[in-house]
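The block underneath contains the structure these notes are about, expressed in structure tokens.
Note that the coordinates shown come from a computational prediction; the quantities given were computed from them, not determined experimentally. Remember, it's 1-based here, ligands and their atoms both numbered in the order they're listed.
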Amino acid sequence: MTSDNKVQLAVFASGTGSNTQKIIDHFREHPVIKIVLIVCNKPGAGVLTITVEENIPYLLIEKEKFFRGDGYVPELKERQINWIILAGFLWKIPLGLLKAFPRRIINIHPALLPKFGGKGMFGDFVHQAILDAGEKQTGITIHYVDEIYDHGEIIFQTSCAIEAGDTVKHIAAKVHALEHAHFAKVIEKVIEKNSTKPKLR
Ligand code: GRF
């Protein structure tokens, strides 16, 4: 927490950043929660355009330092980050970073975990696997991050139907709509529940 008494969030994202945009919008005028940093591992990622437009600082990170160095813990601590939100960040979170933010890192996964998670299960690969398996429903999972991919304690899930004739594109659109509708609200609730700060609104 800083002098303006807000809980500070870093969003880790390396894709187009549509979830990041929703999160920024949700917390823009928030009395207690503030997005102070975007962390990205992909130069040229769409999310970087959003950070510039939104005037939010970003940190472009490198593999070597992330996995075999300090995991950028000093930079995150220096910026007084309280929570980390993964919104389309594909690298596994190293142990040092997990230890520095115990139960303070939240991920969103575009399927109903524990099914269709793990290494390589991202983006359209997830939706294709779900189609191939003949699933009748899919959805989203918001969960704490631990040392295993897509494995930490589940905070929230919601589902949508897969209709006959749905393609990967249709499924992706349905899942994105669920993410956009729920992710920021769930983040807000979790932080409120786990905050020692004065009650949010
Ligand atoms: C989302 O589908 C999320 O579930 C996954 O990565 C995607 C990011 O999409 N972890 P966007 O860049 O926010 O549009």
Side-chain angles (χ1 to χ4, degrees), residues 9-28 35 37-54 56 58-61 66 83-94 97-98 101 104-131 135 137-162 166-190:
L9 272 56
V11 179
F12 284 36
S14 296
T16 56
S18 68
N19 280 286
T20 303
Q21 182 70 66
K22 290 284 172 192
I23 293 167
I24 292 169
D25 292 344
H26 186 87
F27 292 112
R28 198 184 304 281
I35 312 300
L37 181 70
I38 307 297
V39 175
C40 178
N41 68 281
K42 237 191 211 165
V47 70
L48 293 177
T49 312
I50 295 174
T51 70
V52 172
E53 275 164 9
E54 295 286 350
I56 297 173
Y58 69 83
L59 182 64
L60 207 48
I61 60 171
F66 192 63
W83 289 77
I84 294 173
I85 309 300
L86 309 184
F89 185 76
L90 301 183
W91 287 356
K92 196 159 182 269
I93 301 300
L97 189 47
L98 280 173
F101 290 87
R104 288 290 183 274
I105 307 181
I106 296 174
N107 182 44
I108 188 162
H109 184 75
L112 297 170
L113 294 174
K115 285 168 121 180
F116 305 104
K119 201 168 174 13
M121 277 292 174
F122 61 90
D124 287 352
F125 294 115
V126 180
H127 309 314
Q128 187 63 58
I130 288 165
L131 263 188
E135 295 288 314
Q137 60 165 16
T138 185
I140 60 167
T141 304
I142 298 168
H143 65 95
Y144 288 109
V145 174
D146 67 10
E147 63 282 10
I148 303 169
Y149 259 123
D150 299 329
H151 173 269
E153 184 190 326
I154 292 173
I155 299 166
F156 175 87
Q157 288 186 306
T158 189
S159 62
C160 58
I162 298 175
D166 271 359
T167 62
V168 163
K169 231 176 159 183
H170 294 130
I171 297 175
K174 288 182 194 182
V175 167
H176 253 120
L178 288 181
E179 293 181 335
H180 296 164
H182 295 283
F183 197 16
K185 286 183 194 161
V186 172
I187 293 166
E188 185 178 18
K189 271 198 196 138
V190 171

- Query: Tell me, do Ile140 and Phe183 make a side-chain contact under 4.5 Å, heavy atoms counted?
  - Reply: no
- Query: Quick one: which ligand 1 atoms are inside 4.0 Å of a heavy atom on Thr16?
  - Reply: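 Taking each heavy atom of Thr16 in turn, ligand 1 has 11 (P), 12 (O), 14 (O) under 4.0 Å.
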- Message: I'd like to check which ligand 1 atoms, numbered from 1 as shown, lie under 4.0 Å from a non-hydrogen atom of Gly88.
- Response: 5 (C), 6 (O), 8 (C), 10 (N)
- Message: One thing to verify: whether Arg28 and Asp25 come together as a salt bridge, which I'm taking to mean a side-chain N less than 4.0 angstrom from a carboxylate O.
- Response: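 Answer for the salt bridge query: yes.
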- Item | atom 10 (N) of ligand 1: the protein heavy-atom neighbour that sits closest, reported with distance to 0.1 Å | Ile108 O, 3.0 Å
- Among protein heavy atoms, which lies nearest atom 14 (O) of ligand 1, and at what distance?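 For atom 14 (O) of ligand 1, the nearest protein heavy atom comes out as Ser18 OG, 2.5 Å.
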- Message: I want to confirm something. Looking only at heavy atoms, which of His176, Glu179, His180 is nearest to atom 4 (O) of ligand 1?
- Response: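 Selected option, by shortest heavy-atom distance: Glu179.
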- Query: Considering all heavy atoms of both residues, which atom of Ser14 and which atom of Phe89 are nearest to each other, and what is their separation?
  - Reply: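 Ser14 and Phe89 have their closest heavy atoms at OG-CD1, 3.7 Å.
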- Task: For the residue pair His176 and His180, categorise the inter-ring angle as parallel (less than 30°), tilted (30 to 60°) or perpendicular (more than 60°).
- Result: tilted
- Item | Any Gly17 heavy atom less than 4.0 Å to ligand 1 | yes
- Query: Sub-3.5 Å donor-acceptor pair from the side chain of Thr138 to the main-chain atoms of Ala111, do we have one?
  - Reply: no
